[in-house]
Amino acid sequence: MEFEAQLLQQLEIEKDREIINRRPVRIDPARIRRRVWLNNLLQRVFSLSTAFAIAVLAILFYQIISQSIGWLDWQFLSSNLSIFPEKAGIWGAIVGSIGLILIVIPVTIVLGVSTAIYLEEYATEGRLRDFIRINLSNLASVPSVIFGLLGLSLFGRILHLGSSILAGGLTLSLMVLPIIVVSAQEAIRAVPGFLRDGSYAMGASKWTTIWKVVLPIALPGILTGSILSVSRAIGETAPLVVLGIPALIMRVPTSVMDDFTALPIQIYYWTLDSVLTREYANLASATIVVLLLVLFLMNSIAIIIRNKFQKSY
Amino acid sequence: MRQDTNNLPDVVYDVRGLNLWYGETHALKDVNLQILKNHVTAIIGPSGCGKSTFIKTLNRMIENVPGVRTSGEILYHGRDIFDKDLRVEELRTKVGMVFQKPNPFPKSIYENVLYGPKIHGIKNKQLLMEILETSLKASALWDEVKDRLDDNAYGLSGGQQQRLCIARCLAVQPDIILMDEPTSALDPIATSRIEELINRLKKDYTIAIVTHSMQQAARISDRTAYFLLGELVEYDYTERIFSNPRDQRTEDYITGRFG
């Protein structure tokens with residue numbers, strides 16, 4: 001009897017340790033072989049997918065670079081446009097693109113971050129906030145042509161900005177604003193609530209908490225999102241075409257009210273006209289190289305910022 | 001019992017008929033309780049009894065939770081904290097709070113301690129250094145960190161981080177410190193250091209501490225309040241609660257019959 005009691009007690013202890021199932025577990029070797037085989041297969045599929053993407057990119061680069069060789073030189077970068085391919089340069093387009101960046105960055109970051117702060121920190125939870133959030137996400141996926149049409153009617157026609165750098169910059173700002181808001185919202189939401197509580201409990205106001213605690217932590221995320229959005233704006237053609245940027249502008253713009261051309265626009269028109277004048281294809285390729293270098297530079301900055309400020313809690 | 005004497009100078013908080021709802025859930029039911037100056041008041045009870053909710057109501061941090069409604073009054077030195085003219089920011093400079101999980105900012109030790117004084121406008125370098133030293137000494141952290149004040153607070157151990165949070169709280173010279181299970185994320189050694197600290201701080205501060213550990217309440221508190229299902233079941237001198245509770249439910253809890 002005593003042994004039985006002891007055994008029962010032992011069973012109780014084992015139950016506590018969650019050793020309940022004492023039946024031997026049989027593992028089928030054939031099943032393991034199948035799993036390993038599946039793993040190997042999938043590994044190949046995944047690496048092939050990656051190889052495919054790299055191959056496409058390599059072909060693209062090869063084509064562009066080989067076409068631009070002999071065309072991409074200092075003369076090309078520093079000259080104005082010309083109908084003669086050997087005299088043509090993209091200085092005007094570079095200035096135009098820089099002008100666009102200088103408008104897009106302040107407008108989108110100020111408006112975008114303010115909106116994100118409002119929606120995440122100030123707006124009370126409810127249907128209205130959800131409605132705005134959902135629509136911002138929807139706006140972020142609206143095709144860029146639509147934003148071109150909006151820019152054309154709002155800035156071009158109603159505000160009489162025509163096809164100036166200002167009109168172009170504001171149109172592109174509208175286009176990337178939802179993306180910046182959404183990415184800034186995510187960065188702000190990622191700041192843990194207990195840090196905000198720590199600040200509030202010290203008698204800090206909402207704004208003090210945002211300024212001293214939330215923004216310093218969210219800043220890398222906000223900057224990364226902003227730079228990626230701005231680089232998308234620089235590469236965008238469609239909205240500018242809709243705005244009616246002239247195909248050939250000889251003058252380099254000197255103010256934001258001047259007509260202008262930009263790198264993607266130039267690529268677009270030269271590619272169109274390459275049917276008639278074959279050298280235009282080379283000019284387009286050389287411009288693509290310049291644009292790619294600019295985008296590559298901006299994305300690298302975004303990555304550096306992200307890595308430098310990344311923190312864990 | 002001092003329950004029936006009102007607004008004596010040694011009453012820091014006088015809670016009268018406090019009710020609180022989270023949406024439809026009635027989380028605090030007609031709570032009446034006085035927190036006395038230079039006392040350590042422990043708030044105990046099983047999970048979900050409303051003890052954390054109660055302490056977060058005292059500095060109105062609970063209002064950050066959406067859908068919270070309250071009724072009743074909480075008099076802080078005779079003034080209702082729900083008064084429209086009262087600014088919560090001002091209340092919270094007098095009522096410090098230490099949280100369950102140590103929550104220093106991802107900044108240097110120096111910046112953490114001086115966060116409060118700086119946001120409230122103290123700029124004098126000498127005064128700031130003085131506050132830094134006294135706060136860290138008062139929270140028994142000075143000797144461990146005095147040579148690395150510029151290091152990030154995240155390099156400290158959990159217990160050190162919690163003492164840093166206490167130092168951060170002390171830096172604005174509050175009148176009462178609310179602690180919401182301050183040792184539940186700490187190991188026994190760090191816990192006993194915090195308990196020693198609470199014992200020392202009692203001379204200069206009033207402390208209200210939520211704890212899930214009855215032993216802790218018995219060790220450090222002068223008075224204990226027992227909450228159950230949003231109700232204040234019993235509130236008395238700690239010895240009396242633990243040796244001779246008047247309510248059967250309190251006795252069931254402290255003798256470990258449930259909870």
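What you see is a predicted model, and the numbers here were worked out from it, not measured in a lab. Letters go in sequence order (proteins before strands), and every chain restarts at 1.
Among all heavy-atom pairs drawn from Phe105(B) and Gly198(A), the shortest one is CZ-C, 3.9 Å. Of all heavy-atom pairs between Arg92(B) and Tyr200(A), the closest is CD-O, 3.0 Å. Here the closest non-hydrogen pair linking Asp197(A) and Asn103(B) is C-ND2, 4.5 Å.
In this structure, chain A has no heavy atom under 4.5 Å from any part of Val88(B). With a 4.5 Å cut-off on non-hydrogen atoms, Pro104(B) touches chain A through its backbone but not through its side chain. Residue contact with chain B, scored on non-hydrogen atoms closer than 4.5 Å, is absent for Thr124(A). Contacts between Val95(B) and chain A at a heavy-atom distance below 4.5 Å involve the backbone alone (N, CA, C, O).
Around atom OH of Tyr122(A), more than 12 heavy atoms belonging to other residues, nucleotides or ligands sit under 6.0 Å away. Within a 6.0 Å radius of CD in Glu73(B), more than 12 heavy atoms belonging to other residues, nucleotides or ligands are found. The environment of CH2 in Trp142(B) is crowded: more than 12 heavy-atom neighbours from other residues, nucleotides or ligands sit within 6.0 Å. In Arg148(B), the CZ atom is crowded: over 12 heavy atoms of neighbouring residues, nucleotides or ligands sit closer than 6.0 Å.
Residues of residues 155-163 of chain B having a heavy atom under 4.5 Å from any heavy atom of chain A: none. Contact residues of residues 107-120 of chain B toward chain A are Lys107(B), Tyr115(B), Gly116(B), Ile119(B), His120(B) (heavy-atom distance under 4.5 Å).
When each of Glu90(B), Arg60(B), Lys94(B), Arg168(B) is checked for heavy-atom pairs under 4.5 Å with chain A, Arg168(B) comes out on top.
Glu89(B) CD to Lys206(A) NZ: the interatomic distance, rounded to the nearest 0.5 Å, is 10.0 Å.
At least one side-chain heavy atom of Leu195(A) sits less than 4.5 Å from a side-chain heavy atom of Pro106(B).
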